[in-house]
Structures are given as C-alpha cells and as structure tokens.
Amino acid sequence: MRRGDWALEPEMLWAASNEGVITARELERLGVPEGTTYRRCRDGGPWQRLGPGIVALHNGTRTWRQHLIAGLLHAGDHAVITGRAALRLHGLRQGPEPDRVHLLIPHAQQVRSWRLFHVERTSRMPRAIERAGLAVAPLCRAVLDEVRALRDAREIAACLAEPVQRRLVTPQQLLEELDAGCRKGSSTPRAVLRAIEDGVRSVAEFDARAWWLAQPELPPARFNVRVLDAAHRQVGIVDVLVEEYGFVWEIDSTEHHFATPDQVEATLWRQRALRAVGLHLVSTRPSQRRDDPDGTLRDLLDGLAVAAALPPPRATFEDDIRRVA
C-alpha cells in the first residue's frame, strides 16, 4: 500500500490486523507514518494504544481477547499465554477472572513486562497449544504457573482440583510438571496434590479432609470412594468412608445438592441408595463444619458409634481414580 492510501481504504488496515490489534511497525509497513499512528492514539483520537508499539484500530472498549492478542505481540513470536488467562482459554472457570496476561518467552529473549503484560523468561519453554486461535501453554504447565503465584491453600485447591475433577489431567501429570519446574512456591501445591491423590475433588472436600485428619478422635478414612452393590453396580461416590464401620460422611453444599428441586431429589435418592446397601450416613453442610466444628465432631462420633453396631455393609469399595483417556 502506498503512503497515504490507507486513509482512503481504512478497511485494508483492519484486514491486516488481528481483530483490530496491530503493531505500529506493521502500520508503517502499510504506509501509516509512525508519527501519524501515535497522533491518532492520543486522547480523543480514533485509535488507542494497547502496549508499547501496539495499537487498537478503534477508540471503544477494549475486549479481554484484544489484550491477549496484544500481549502475544508484545512478547514476540515464540511467546505463549500461561497462568489464569490460559486456564480460561482451556475452558476452566474456577477462581476470579484474570487481571493480567501472563506470558512465557524463551530465556534468551529480552522482553520487559508492561502494565498488565507479565512476561516471564523460562529455560523450560513449553510447546504452544492453540486455543481459540491463540498460543497457550499446555494445561498442566498453565495450572502450575498459576498456583505457584498463589498463597491461599483453598485457592490452590480450587485451581488444581477443577481439571482433575473434569478428567482433563491426572494428579500424577500435575506432580510431574511440578517436579520438573522451579521449587519456589511448590510446597503448598504439593500438599494439595497429595490430597487430590487421596481422592479430594473440590475445595469443600479439601477443607473437610484437612479437618478430619486434624481430629485425633476420628479413625483413618478414605476420600472420594466409589461404592458398588453386590452386583458390582455403582451406587455412588462418597466424600469420606470409614470402611471398617461402614460409615460415610457427605459434604452436602447448597450449590451442588440443594440449589434446585432436582438436586434435592437426586441427593435424597442417593442417600437412600447408600443406606440400602447398609452404609450409615452423616451429612454436613460446609458452613456447619466451619461454624460449629465441635457439634460436627459430636455428630460424626455418634454416627460412627451407630455404624459400628450395625451389620457389615453389603457393598464393595474402589478408589475413584480418574484418568485422562
């Protein structure tokens, strides 16, 4: 395009951009002088600046996707998106919405972070995976890059448990990625992954497991256990099982068990099915365990005493090992 022709055919600039995002260098190649580009990005101008040398060809609200595109342009040809922004592109939804674009680049490159673009150099550059037309880190790497920056164990549990619960990765794959990376910030994720290996699949279950293990009065238990009847048909997957007594503790959150009439009916049906194979069940809301731990402990000890006096259950049990196909 000859110098000045872009003003007569502005749609040509948009066609050369990525959803309206383009570098000043590319605009200059298309005939837009550098001074004109930055003049048009001033307050009240028709364009706006998204990053150093990166322009949005409009002055309206910038989309999050445009920020992601701009982040990749800023970080260079070999960059990939990782962390929470990558998790959203992989389809995960736990945790708050991302407020920055975390980018990985090869260690030999020199690109500085800028405002919401957090650029990290790495000697373990992952293979890029395309998600929604953008280059992102593989799921295991993106998850671990995110949790290393977190300090709250519950947030870490939410981030690690979701992809395992959805059978997108296994705990073993996450541990291998954790072992391969930097040791800094890995102790709490490692403890959470041990809980996930034990069968924990949600934040509520993580809290319940930690609380159960901290009570010296309570016996050893298994977590997230598959219950099968005499015909080897699945009855359900229980949160906590004391197999010796045929005792089950269920963490029944309002969100997943009582939010709709169908959930209430399904929860009641499931509890009847567990009792039908001889299991004694105590159900607790997460808020009850948090607000009244002493009362919860009494309920569990009473339930264990009842279960111990009952005949053995007519069921077998398997750990709920979830694997990626």
Side-chain angles (χ1 to χ4, degrees), residues 68 71-72 74-96 98 100-113 117-132 134-203 205-206 209-210 223-224 319-325:
L68 295 176
L72 288 170
H74 171 69
D77 291 339
H78 302 293
V80 298
I81 301 167
T82 191
R84 192 170 297 278
L87 299 184
R88 287 294 185 267
L89 291 168
H90 279 290
L92 302 187
R93 290 291 174 262
Q94 283 290 341
R100 66 175 185 170
V101 184
H102 187 175
L103 299 140
L104 297 177
I105 62 172
H107 196 270
Q109 289 184 211
Q110 298 288 336
V111 180
R112 292 182 180 274
S113 297
F117 303 149
H118 173 62
V119 181
E120 178 183 347
R121 296 161 62 214
T122 178
S123 58
R124 296 182 54 250
M125 192 66 194
R127 176 179 57 86
I129 293 177
E130 184 179 311
R131 291 289 183 268
L134 300 173
V136 303
L139 181 54
C140 279
R141 179 65 178 272
V143 170
L144 270 301
D145 282 343
E146 175 64 18
V147 301
R148 281 193 179 95
L150 300 176
R151 294 294 175 262
D152 185 271
R154 298 184 81 254
E155 291 182 5
I156 292 172
C159 193
L160 291 173
E162 184 185 7
V164 175
Q165 185 179 49
R166 292 175 57 180
R167 306 190 185 196
L168 301 174
V169 297
T170 66
Q172 293 75 21
Q173 288 172 323
L174 289 170
L175 278 168
E176 288 171 7
E177 177 61 39
L178 188 64
D179 289 339
C182 175
R183 297 286 176 175
K184 184 178 179 181
S186 67
S187 59
T188 302
R190 195 176 304 280
V192 171
L193 282 171
R194 284 198 293 270
I196 291 174
E197 281 195 305
D198 277 349
V200 169
R201 294 294 182 267
S202 70
V203 173
E205 292 173 19
F206 176 78
R209 175 185 180 275
F223 302 88
N224 260 65
D319 290 331
D320 182 34
I321 303 299
R322 303 187 181 225
R323 301 193 181 278
V324 178

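What you are looking at is a predicted structure, and each value in this text was computed from that prediction instead of being measured.
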Working to the nearest 0.5 Å, report the span between [atom1] of [X] and [atom2] of [Y].
| X | Y | atom1 | atom2 | value |
| --- | --- | --- | --- | --- |
| L103 | D145 | CG | CG | 11.0 Å |
| E130 | L89 | CD | CG | 11.0 Å |
| R190 | D179 | CZ | CG | 4.5 Å |
| S202 | R154 | OG | CZ | 9.5 Å |
| L150 | I156 | CG | CD1 | 5.5 Å |
| Q173 | L168 | CD | CG | 10.0 Å |

Hey, does [Y] have a side-chain heavy atom less than 4.5 Å from the side chain of [X]?
| X | Y | result |
| --- | --- | --- |
| T82 | V136 | no |
| Q110 | R121 | yes |
| V80 | L72 | no |
| L139 | L92 | yes |
| H74 | V119 | yes |
| R141 | L104 | yes |
| R148 | L178 | yes |

key: E197/Q172 under side chain to side chain contact (heavy atoms under 4.5 Å, CB included): CA gap, chis, key distance, verdict   = CA-CA 8 Å; E197 281 195 305; Q172 293 75 21; 3.6 Å; yes
query = Does a sphere of radius 6.0 Å around CZ in R93 hold more than 12 heavy atoms from other residues, nucleotides or ligands, not counting ones at 6.0 Å or beyond?
reply =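 Yes - once you tally the heavy atoms of other residues, nucleotides and ligands closer than 6.0 Å, there are more than 12.
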Locate the shortest heavy-atom distance separating [X] from [Y]; write the atom from each residue and the value.
| X | Y | result |
| --- | --- | --- |
| V169 | C140 | CG1-SG, 3.7 Å |
| F206 | A195 | CD1-CB, 3.9 Å |
| I105 | A79 | CG2-CB, 3.9 Å |
| L160 | P189 | CD1-O, 3.8 Å |
| L87 | C159 | CD1-SG, 3.6 Å |
| V111 | A75 | CG2-O, 3.6 Å |

Contacts of [X] that satisfy salt bridge (Lys or Arg N to Asp or Glu O under 4.0 Å) - sequence neighbours left out:
| X | value |
| --- | --- |
| E146 | R84 |
| R88 | E97 |
| R124 | E177 |

query = Can you tell me if R100 and S113 form a side-chain donor-acceptor pair at under 3.5 Å?
reply =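 No.
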inquiry  = Would the distance check show the side chain of H90 and the main-chain N or O of A137 forming a donor-acceptor pair, the cut-off being under 3.5 Å?
reply    = yes
